[in-house]
Amino acid sequence: MISEAMTGLGKKRSTIREIFEYGNQRAKIVGRENIFDFSLGNPSVAPPDCVTDVINSFVAEERAEVLHGYTSATGLEWVRQAMADSLNSRFGTKFNKDSFYMTVGAAASLCIVLKALACPGDEFIVPAPYFPEYKCWIENTVNCKCVLIPAEPSDFQINFTEFERSLSKNTKAVIINSPNNPSGAVYSEDTIKKLAALLEEASKKYGHPIYLISDEPYREIVFDGIKLPFVTKYYRNTFICYSFSKSLSLPGERIGYVLVPDEMDDCKDVYAAVCGAGRILGYVNAPSLFQRVAGKCADKTADISIYNKNRDILYDGLIKAGYSCVKPQGAFYMFPKALEEDEVAFCERAKKYDLLLVPGRDFGCPGHVRIAYCVQTETIERALPVFEKIAAEYRR
Ligand code: PLP
């Protein structure tokens with residue numbers, strides 16, 4: 001007898017992966033250059049030079065058995081201090097090393113925080129559109145209820161009417177993600193303030209803290225000079241789940257952190273629960289070499305200007321072709337409306353042109369499609385006539 005739930009999850013790939021694998025198969029037949037694959041959020045920009053420099057210098061100068069050895073479960077001290085210094089200098093915060101727990105990317109950060117918090121009967125609120133794995137982790141890693149909030153498609157901020165309705169005595173936490181995958185929306189200061197006020201009020205009403213889990217792998221990828229509100233400044237019971245997957249273009253190396261700010265209620269016990277969760281989930285420690293890379297490169301990013309350029313070309317092209325879309329202010333995703341109500345049918349039609357898009361229902365927002373534009377600019381330029389051709393088909 002094996003777990004039916006796990007077998008089910010193992011047999012069914014995520015829709016995004018399914019489309020990506022389809023693209024790989026098609027590429028073998030028609031050639032990679034003829035596939036317009038916008039399915040996966042895999043950065044197309046090389047990591048900054050400091051990544052290779054740091055790797056080379058540690059390989060040359062550190063004793064190999066130390067470099068590749070276990071680190072403390074929480075992460076190397078100087079690396080955690082570097083995480084604190086980087087945030088403090090950029091966001092005017094006052095963190096110190098003891099608030100950080102190094103992890104195997106944002107996925108691990110989120111699972112660890114869920115595990116640290118979850119008690120039987122707890123509910124976790126997730127505003128749409130959302131990263132699909134949240135639901136999977138809430139339901140399978142911690143066996144809790146995932147309460148989904150419908151999207152606010154006019155601007156992809158939070159639908160507060162629905163949000164207020166969903167708060168209950170069982171609410172343990174809310175997961176937010178800004179800049180957002182899949183919409184590219186950046187939550188405004190007003191949104192964060194309103195969210196903080198509602199959580200404060202609900203925590204008082206129900207007599208226990210309702211935590212905010214801020215999933216921030218796209219924190220550095222913002223456009224138009226936007227200033228991202230740093231969430232712990234607005235709501236003390238906030239966890240930051242961070243990853244260097246996107247900012248440093250290192251998704252395969254699996255490095256990130258959980259931040260438990262000092263201001264959080266019972267922060268020492270919460271931090272201990274994070275350590276316990278990391279242990280019980282079997283992470284042992286975050287990758288040793290890439291902790292060092294993160295420590296030395298925390299203030300650097302890959303060349304984000306390429307995503308900005310891609311956004312502009314894609315957005316202008318789609319609007320010109322008659323699509324309607326909220327202009328993304330960050331991350332590297334666009335989330336236009338499909339040209340028919342059933343966005344799955346729309347994606348199927350696009351597939352006939354080897355244009356690979358992800359249906360919005362996977363992100364809790366049917367009627368839209370996700371375009372991951374972290375691709376070569378040239379791919380976007382060549383795909384725009386295809387988007388136009390499809391739009392013309394619908395006009396006919
Ligand atoms: N959260 C969001 C919103 C993401 O888009 C991703 C990856 O694409 C993750 C978490 C997982 O990130 P990581 O690769 O660091 O585990």
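Both backbone and side-chain heavy atoms feed into the values below; hydrogens, waters and symmetry mates do not. Just so we're clear, the structure is a prediction, and the values are computed from it rather than from any experiment. First listed ligand is number 1; within each ligand, the first listed atom is number 1.
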**Message:** Taking Arg395 first and then Glu388, would you say they form a salt bridge - that is, a charged N and a carboxylate O separated by under 4.0 Å?
**Reply:** no
**Asked** Taking 4.0 angstrom as the limit, do Glu343 and Arg361 come out as a salt bridge?
**Response** yes
**Asked** Any side-chain donor-acceptor pair under 3.5 Å between Tyr206 and Ser168?
**Response** no
Side chains of residues 145-156: which donor-acceptor partners sit under 3.5 Å, not counting sequence neighbours?
| from | atom 1 | to | atom 2 | distance (Å) |
| --- | --- | --- | --- | --- |
| Glu152 | OE2 | Ser154 | OG | 3.0 |
| Asp155 | OD1 | Gln157 | N | 3.0 |

**Salt-bridge criterion met for Lys351 and Glu348 (N-O under 4.0 Å)** = yes
**Item:** Under 4.0 Å from ligand 1 - residues by heavy atom, chain and number
**Value:** Gly105, Ala106, Ala107, Phe131, Tyr134, Asn177, Asn181, Asp215, Pro217, Tyr218, Ser243, Ser245, Lys246, Arg254
**Prompt:** CD of Glu77: more than 12 outside heavy atoms within 6.0 angstrom?
**Reply:** no
